[in-house]
Each structure stands twice: as C-alpha cells, then as structure tokens.
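Let me begin by presenting the structure, written as structure tokens, before commenting on it.
Labels below follow one simple rule: chain letters A, B, ... track the order of the sequence lines, proteins then strands, and each chain is numbered from 1. Side chains included, hydrogens not; waters and symmetry mates left out as well; all remaining heavy atoms used. Just so it is clear, the model here is predicted, and its values are computed rather than measured.
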2 protein chains.
Amino acid sequence: MDIEQSKKDNQLAEIFKTLSEPNRIRILRILDHSDRELTCSEVSEQLNISKSTVSYHFKALRHAGLTNTRQAAQTKYLSINEKTFKEYLPSFLKSL
Amino acid sequence: MDIEQSKKDNQLAEIFKTLSEPNRIRILRILDHSDRELTCSEVSEQLNISKSTVSYHFKALRHAGLTNTRQAAQTKYLSINEKTFKEYLPSFLKSL
DNA sequence: TTTGTATTTCGATAACAATCGAACAAGGAG
DNA sequence: CTCCTTGTTCGATTGTTATCGAAATACAAA
C-alpha cells in the first residue's frame with residue numbers, strides 16, 4: 001500500500017475522530033454561531049464541563065487543524081480554521 | 001430541540017465515528033476505486049487484516065448507512081451507499 | 001453426507017479516550 | 001508582593017475500540 005496515501009488516511013481519520021465527540025461538535029457550533037473567538041472558561045461554563053476537559057478538547061480540535069488559537073496574555077482565544085473545513089468538509093459548517 | 005434535527009445529529013455523529021478508523025476509510029476507497037462490489041475475504045487479503053476484523057468493519061459501515069449489502073448464497077457483496085454520502089458528505093468520495 | 005468456502009460470533013487482550021479534581025504555571029489587578 | 005483568573009498537566013477511573021484466533025453457522029459442490 002502507498003505509504004503517502006496511508007498517511008493521508010490517518011490524517012483524515014483523525015479529523016473524523018475529532019468530530020465524533022459530541023462536545024467537540026458543540027464547541028464548533030458555538031464558535032460558528034457566535035461568530036467570534038471563545039475561551040476555555042467560557043465554553044466550560046456554557047457546556048457545563050470542567051475546564052480541564054475543555055482544554056483537552058481544545059487541544060484535540062487544534063491538533064486536527066479544525067481551529068486556530070490566538071494567545072493574549074494568559075488567555076487563549078479559539079476560532080474556526082475555515083481552511084480545513086473548506087478543504088475536507090465544505091458542507092459541514094452549514095449543517096450545524 | 002427539533003427532534004428531526006436531533007436524529008440527524010445522531011446519525012451524523014455515528015457517521016463520523018465510523019469514518020474515524022483508517023481501515024474503514026481504506027475499505028471505502030477500494031470500493032469507490034474498483035467500482036464494483038467487494039467481499040469480506042477479498043478485502044481481508046488486500047488490507048492484510050483478518051477476516052473477522054473485516055467483518056467487524058463491514059458491520060460498522062453498514063450500520064452507519066455508508067454501504068449496501070447484497071447477499072448471494074454464503075457470500076456478502078458490499079457496495080457504497082451513494083445516497084448517504086450525497087446527503088451528509090457530498091465531497092468525501094471525490095477526496096479519496 | 002462429507003468437504004470446502006464465506007462470514008459471523010465469542011472471548012481475550014491491549015490500546016486509547018473522556019472525564020474529573022488537584023496541583024501547577026503564568027500573567028494581570030490591586 | 002499577594003490574590004485572582006486562565007489555562008495546562010497529572011493521576012485515576014471508567015468505558016470503548018480494534019484486533020486476533022478459534023469456534024460456530026450457512027450454504028454449495030462433489
């Protein structure tokens with residue numbers, strides 16, 4: 001099997017794996033609908049899950065290339081990485 | 001929340017979970033590229049994984065509505081369920 | 001009816017994922 | 001400097017997933 005193709009499969013699978021977690025889909029929906037950046041604490045309150053768990057999900061989303069992060073002082077602002085969605089899932093955000 | 005939307009959400013989540021396994025992505029690609037039905041044994045040889053594992057993946061794909069199954073005697077032929085892809089992931093097959 | 005082929009199910013195992021609270025680090029406000 | 005807020009990391013727990021080989025099932029052919 002083509003090793004480059006195999007790597008692509010793994011990357012694509014990672015994107016899907018990231019999207020197969022309801023809380024991460026919710027995070028993306030909040031991001032998309034609020035149309036602004038969000039912080040860990042904010043999401044923690046809105047979804048009623050601990051900050052450590054949100055941090056864990058933020059990391060997963062960023063690692064999969066689904067979000068961007070902007071750091072300002074001790075606060076990290078999350079936003080949607082449009083590029084990735086355009087490339088891999090052009091219709092996903094509309095379906096939220 | 002809209003119950004129809006809720007059903008769609010659940011189905012979409014299941015589709016993503018199903019697609020989060022590299023071997024299942026590979027099975028779909030083989031299906032798409034060969035443009036014909038495939039059997040469990042055939043895929044087992046091509047991907048070099050046991051037949052029981054392939055059977056497990058076949059079940060997952062069918063359960064998520066991603067594939068169709070046609071039974072003839074003791075053999076099960078798998079094919080892509082175009083309808084589901086059109087509805088939920090219109091650009092996915094092209095990207096394979 | 002015996003044999004062979006295709007697939008599924010079972011039991012076990014090893015790896016991974018989601019979650020929490022506690023502890024920690026780093027920056028800002030007073 | 002001390003306190004508060006923000007976020008990360010750690011350790012533990014609980015549940016899920018991918019995988020295999022062996023056994024079981026179902027059908028067909030000889």
request  = Go through C/dT7, C/dC20, C/dA18 for me and flag the one nearest to the A/I49 side chain.
outcome  = C/dC20

ask   = Which whole-number value in Å describes the distance from B/H63 NE2 to C/dT8 P?
value = 14 Å

key: B/K51 and B/E42 ion-paired at < 4.0 Å   = no

ask   = Between A/H57 (NE2) and D/dT8 (P), how many Å, whole number?
value = 13 Å

task = Check the distance between C/dG27's C1' and A/Q71's CD and give it to me in whole angstrom.
result = 10 Å

Touch class at under 4.0 angstrom, heavy-atom based, for A/T53 against every strand present = base

request  = Could you check how far CZ of B/F58 sits from P of C/dT7, rounded to whole Å?
outcome  = 7 Å

ask   = Does B/H33 use its side chain to pair, donor to acceptor, with the backbone of B/L96 at less than 3.5 Å?
value = yes

message = From the set C/dA18, C/dG21, C/dT9, return the single nucleotide nearest to any side-chain atom of A/S50.
response = C/dG21

Rounded distance (Å) that lies between atom P of D/dT5 and atom CD of A/E45 = 11 Å

request  = May I ask you to say what A/K76 touches in the nucleic acid, namely base, sugar-phosphate or nothing, with a heavy-atom cut-off under 4.0 Å?
outcome  = sugar-phosphate

query = If you check the A/E21 side chain, which of C/dA18, C/dT7, D/dT19 turns out closest?
reply = C/dA18

note = Which of D/dG7, C/dC20, D/dC27 is nearest the side chain of A/T39? It is D/dG7

Below 4.0 Å: OP1/OP2 of D/dG7 and any side-chain N or O of A/S41 = yes

ask   = What is the distance from CD of B/Q74 to C1' of C/dT9, rounded to the nearest Å?
value = 18 Å

inquiry  = Using whole Å, what does the distance between atom C1' of nucleotide D/dA18 and atom NZ of B/K17 come to?
reply    = 14 Å

query = Are side-chain N/O atoms of A/T53 and A/S50 paired as donor and acceptor at under 3.5 Å?
reply = yes

request  = Report the distance from atom NZ of A/K51 to atom P of C/dT19, rounded to the nearest whole Å.
outcome  = 17 Å

request  = Show the numbers, then the answer: is there a ring pair (Phe, Tyr, Trp, His ring centres under 6.0 Å) between A/F16 and B/F92?
outcome  = CA-CA 11 Å; A/F16 287 130; B/F92 176 73; 5.6 Å; yes

inquiry  = Please determine whether any donor N or O and acceptor N or O are separated by less than 3.5 Å between the side chain of A/S52 and the base of C/dG21.
reply    = yes

request  = Give a yes-or-no answer on whether the side chains of A/T39 and A/S41 include a donor-acceptor pair shorter than 3.5 Å.
outcome  = no

message = If the cut-off is 4.0 Å, is B/T75 near the phosphate of C/dA6, judged by side-chain N/O to OP1 or OP2?
response = no

